[in-house]
Amino acid sequence: QVQLQESGPRLVKPSETLSLTCTVSGASISSYYWIWIRQPAGKGLEWIGRIYISGSTNCNPSLKSRVTMSVDTSKNQFSLELSSVTAADTAVYYCARESAAAALETLDFWGQGTLVTVSS
Amino acid sequence: QSVLTQPPSVSAAPGQKVTISCSGSSSNIGNNYVSWYQQLPGTAPKLLIYDNNKRPSGIPDRFSGSKSGTSGTLGISGLQTGDEADYYCGTWDSSLSAGVFGGGTKLTVL
């Protein structure tokens, strides 16, 4: 069974960089697109970006200038960095897998999510 | 402001059927497939429908999906109290080169 688990600091200071890692088990990270999504409390889902093993990425235009994504095949992990954070970046952050057997943006497996709070 | 538009809430009685709409444009739903996700309170979203109308293994056939033009629709029949959740549509937007979601619809089973 495919499992994804987010990890990283739960509290980040304003203007600093938010860093999260998603560890994948039950599937090779080399064969899929991997996605980051966030959800502020009481609000809807926001697509952040996706990355493939080749390094190819797509980002939400509204976040593109602050987002960096990477993949570590040796650890079967992928990561997100969001720079210059503000309180508006406080949210539950999810990692997910894009299905290889369905249309674009079919997210078939999700992590449980991790709450990241931006506060001094 | 979400790229895809969903009603904020819908409600129906147990055993009844409800539909949830998802409206987009030619750059997203009009030229791509729609997925639907169920988010139970306090949990991560779960894939419910993909490729407009297909169900992953384990999803009961009470859940159905369809697409017409630039809109997608999720149908849930034989409503149960356990179906109370937030439902999100999603797709790819070819103009943005990014994934997009609807704002979500809260289903209440009265």
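These numbers were taken from a predicted model, which means no experiment stands behind them. So you know, we letter chains A, B, ... as the sequences are listed, proteins then strands, and number each from 1.
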Considering all heavy atoms of both residues, which atom of [X] and which atom of [Y] are nearest to each other, and what is their separation?
{"X": "A/Gly111", "Y": "B/Ala44", "answer": "O-CB, 3.2 Å"}
{"X": "B/Ala98", "Y": "A/Cys59", "answer": "CB-O, 4.1 Å"}
{"X": "B/Tyr88", "Y": "A/Gly44", "answer": "OH-CA, 3.5 Å"}

Hydrophobic cluster membership, with links at side-chain heavy-atom distances under 4.5 Å among I/L/V/M/F/W/Y: are [X] and [Y] in one?
{"X": "A/Trp47", "Y": "B/Val100", "answer": "no"}
{"X": "A/Val2", "Y": "A/Phe78", "answer": "yes"}
{"X": "A/Ile29", "Y": "A/Leu80", "answer": "yes"}
{"X": "B/Tyr37", "Y": "B/Phe63", "answer": "no"}
{"X": "B/Ile29", "Y": "B/Tyr33", "answer": "no"}

Can you measure from [atom1] ([X]) to [atom2] ([Y]) and round to the nearest 0.5 angstrom?
{"X": "B/Asp93", "Y": "A/Leu104", "atom1": "CG", "atom2": "CG", "value": "11.5 Å"}
{"X": "B/Phe101", "Y": "A/Leu107", "atom1": "CZ", "atom2": "CG", "value": "5.0 Å"}
{"X": "A/Leu45", "Y": "B/Asp86", "atom1": "CG", "atom2": "CG", "value": "9.0 Å"}
{"X": "B/Ser57", "Y": "A/Asp108", "atom1": "OG", "atom2": "CG", "value": "12.0 Å"}

Among B/Ser97, B/Gly104, B/Ser2, single out the residue with the greatest number of heavy-atom pairs under 4.5 Å to chain A.
->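 The candidate making the most pairs under 4.5 Å is B/Ser97.
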For chain A, which of B/Gly90, B/Gly102, B/Ser35 has the most heavy-atom pairs under 4.5 Å?
->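 Top option by heavy-atom pairs under 4.5 Å: B/Ser35.
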With chain B, which of A/Arg50, A/Glu98, A/Glu105, A/Gln112 has the greatest number of heavy-atom pairs at distances under 4.5 Å?
->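 Option with the greatest count: A/Glu105.
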Proximal component of A/Ile37, with respect to chain B [non-hydrogen, under 4.5 Å] |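 A/Ile37 touches chain B through side-chain heavy atoms alone.
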Would you please test B/Gln39 and A/Trp110 for side-chain contact (heavy atoms from CB on, under 4.5 Å) and show each step?
-> CA-CA 11 Å; B/Gln39 186 176 34; A/Trp110 294 64; over 6 Å; no
What part of B/Pro56 lies closer than 4.5 angstrom to a heavy atom of chain A: side chain, backbone, both or neither?
->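 For B/Pro56, neither part sits under 4.5 Å from chain A.
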Just do the side-chain contact (heavy atoms from CB on, under 4.5 Å) check on A/Thr106 and B/Trp92 with the steps written out, would you?
-> CA-CA 9 Å; A/Thr106 298; B/Trp92 183 257; over 6 Å; no
Does B/Asp51 reach the main-chain N or O of A/Ala103 with its side chain, forming a donor-acceptor pair under 3.5 Å?
->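 Side chain of B/Asp51 to backbone of A/Ala103: a pair is present.
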Are B/Tyr50 and A/Ser99 side-chain neighbours, meaning at least one heavy-atom pair lies under 4.5 Å?
->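 Answer no - side chains too far apart.
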